[in-house]
Amino acid sequence: MNAAAPRVVVDPITRIEGHLRIEAETDATNRIVKAYSAGTMVRGLEIILKGRDPRDAWAFAQRICGVCTLVHGIASVRAVEDALKYEVPANANLVRNLMIGAQYIHDHVMHFYHLHALDWVDVVSALTADPAATSQLAQSLSSYPRSSPGYFADVQKRLRTFVEGGQLGIFANGYWGHPAYRLPPEANLMAVAHYLDALAWQRDVAQLHTIFGGKNPHPHFVVGGVPNPIDLDSDSAINAKRLAQVQDLIVRMRDFVDQVYLPDTLAIAGFYKDWASQGEGLGNFLCYGDFPAHGINDPKTLLVPRGVILDRDLTTIHEVDLHDPGQVQEFVSRAYYDYGPGKDAGLHPYDGETRLNYTGPQPPYEFLDVDREYSWLKSPRWKGKAVEVGPLARMLMMYASGNAQARELVDMTLARLGLPVDALCSTLGRTAARTLETKIFADAMQGWYDQLIANIKAGDTRTFNDALWEPSTWPDKARGVGFMEAPRGALGHWIVIENGRIANYQAVVPSTWNAGPRDPQGQPGAYEVALVGHQLHDPARPIEILRTIHSFDPCIACAVHVVNVGDRVVPPPVTVRPSPGA
Ligand code: NFE
Ligand code: MG
């Protein structure tokens, strides 16, 4: 890259998970011509896991991230179960579905309000809203009961105290007043009120994990089932009282999604339709699939199907085989790693390597050297292709495979917004897809719960299969893959077991797929392509970059899960700044 070209740097770009840096090269009109996505921190989970008991792997792997708190636990136990051909009881499958579903609903609502909404909602503008008009607006959109003029007046008063005290607190550092904000003051006030409501709601609904998994974040799991037994006569097991609490939590989750999250998404989207034609660039989408009706090994029963869509062609779903060495591979040609077979090799995760080799600049530095290695993220590819994973991929997959509810929701959304189906492949489409899939999973929760209750009433309370618990029952060598759909996309853990111990372990993670750097062919990753063409209104306040990158819901703790060795370089955070000439 031409070092003299204007470059806008945003680092860190995420609000809670700040190890992602974007460098965007712009032309004379402040249009993004090329973009580079870099993970700036390295950890070491895959190295830590080697040599351990595979039955313990979930507890380590789960520490990859505290946001998608349970997904690495699930992927890990599924990997061991796949390697050992270990069946889990029907109730364990249902409890896992309920826990994964709860994770989605919690995480997606939190993302929308607390990590993404302020790219679209101007908090300071809410101060000029008329609370009575805000109440009218809210009541025209939804039956959510917290919608009186007094309620909005109270929220506005709280907000005014923050602003007048010069203490925006959680709202500090926004680009308030930026002309790219388009909501009227009343819509801004309504969204801020729901931001605050969502904080309280998310704390409460996390209890589902504590009931089934003992705690949140990082609920407990077990290879062969789920850890908490069902025993209606015990105070220290899943009993009738706990099950009634779960029912209550499911209702609260669905109510918030139906009455707040979905109507807010549609209302806000209506003001930002220009974002329905930019912000998606690869056109390729990958899902591993999730939510099995029965065992994980029958892909036909997955609520989210497995497959790949290429070039936005929804008429063909390509089959995905996670064991095939020619399909999923990770490349490191532009990442700070070495590979035994050479820097340009692609390795299937069974043969994956984690050899750290930082070759980037020493801090303080102005720019990364994007012509060589520039990230701690590897570049995963499917049959050599860069693909996008996550909510948009899942909604497209459900839509393409004929899921009736997905079709109805997508069609309703497009009709309400007056947009064509192509609009899905965009920043707005990605954010809407996250909301729509939350609705599908929230509704599915009731079905899994009802089935669990029916099994218990029929006398089946089994939650754990001890048949293969003892390593003496295992083959000397085994390997398997645990897959799932994490909130941010397709997640796989590949494990190689030798003589009862972990010989190799590789996690290929959603944000690695989306945020990874260029590969040996020079193909950019999903974030990098998505930014190309964005017109920056003001390079010193690049809200356009935030909108598109946040629409993916970046999580770099997940993506770079590999301990900083010794005193190797960790670049310091820098704030947004245009490069000279921009
Ligand atoms: Ni740390 Fe995660 C999810 C996983 S994404 S949030 O969802 O896996 O990289
Ligand atoms: Mg990895």
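Predicted model only: the values in this text are computed from it and were never measured. Ligands are counted one by one from 1 in listed order, and the atoms in each one are counted from 1 as well.
We find that Glu528 and Lys34 are not joined by a salt bridge, their nearest charged nitrogen and carboxylate oxygen being 4.0 Å or further apart. For Arg78 and Asp82, the salt-bridge test fails: no basic side-chain N is under 4.0 Å from an acidic carboxylate O.
Atoms of ligand 1 lying under 4.0 Å from at least one heavy atom of His72, given by number and element, are 4 (C), 8 (O). Numbered from 1 in the order shown, with element, the atoms of ligand 1 that lie under 4.0 Å from a heavy atom of Cys68 read 1 (Ni), 2 (Fe), 3 (C), 4 (C), 6 (S), 7 (O). Close contacts of ligand 1 with Ala486, meaning ligand atoms under 4.0 Å from a residue heavy atom, involve 3 (C), 7 (O). In the vicinity of Ser511, heavy-atom distances shorter than 4.0 Å reach the ligand 1 atoms 5 (S), 9 (O). Below 4.0 Å from some heavy atom of Val509 lie the following atoms of ligand 1, by number and element: 4 (C), 8 (O), 9 (O). Distances below 4.0 Å separate heavy atoms of Leu491 from the following atoms of ligand 1: 8 (O). Residue-ligand proximity, Pro487 to ligand 1, at heavy-atom distances under 4.0 Å covers atoms 7 (O).
In Ala557, neither the side chain nor the backbone holds a heavy atom less than 4.0 Å from any atom of ligand 1.
The distance from the Mg ion (ligand 2) to the nearest N/O/S atom of Glu46 is under 2.8 Å. Inclusion of Val509 in the first shell of the Mg ion (ligand 2) is not supported: no N, O or S atom falls under 2.8 Å.
Within a 6.0 Å sphere centred on NZ of Lys385, other residues, nucleotides and ligands contribute 12 heavy atoms or fewer.
Checked against a 3.5 angstrom limit, the closest N/O atoms of Arg488 and ligand 1 fall inside it.
His218 places a side-chain N or O within 3.5 Å of a backbone atom of Gln62 that can act as its donor or acceptor partner. A donor-acceptor pair is defined here as one N or O able to donate and one able to accept, closer than 3.5 Å; such a pair exists between the side chain of Gln103 and the backbone of Thr69.
By the 4.5 Å heavy-atom criterion applied to side chains, Ile296 and Asn93 are not counted as neighbours.
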Practice task
Decide side chain to side chain donor-acceptor pair (under 3.5 Å) for Ser426 and Glu280; before the verdict, give the C-alpha distance in whole Å, the side-chain angles of both, and the deciding distance to 0.1 Å.
Solution key: CA-CA 5 Å; Ser426 67; Glu280 191 283 316; over 6 Å; no
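Using cut-offs of 30° and 60° on the angle between ring planes, the pair Tyr374 and Tyr36 is perpendicular.
The shortest non-hydrogen separation linking His323 to Gly480 is CE1-CA, 4.5 Å.
Around atom 1 (Ni) of ligand 1, the two atoms SG of Cys558 and SG of Cys65 are separated by an angle of 110°, to 10 degrees.
By heavy-atom distance, the residue among Gly489, Gly492, Cys555 lying nearest atom 1 (Ni) of ligand 1 is Cys555.
Heavy atoms of Pro510 approach ligand 1 to within less than 4.0 angstrom.
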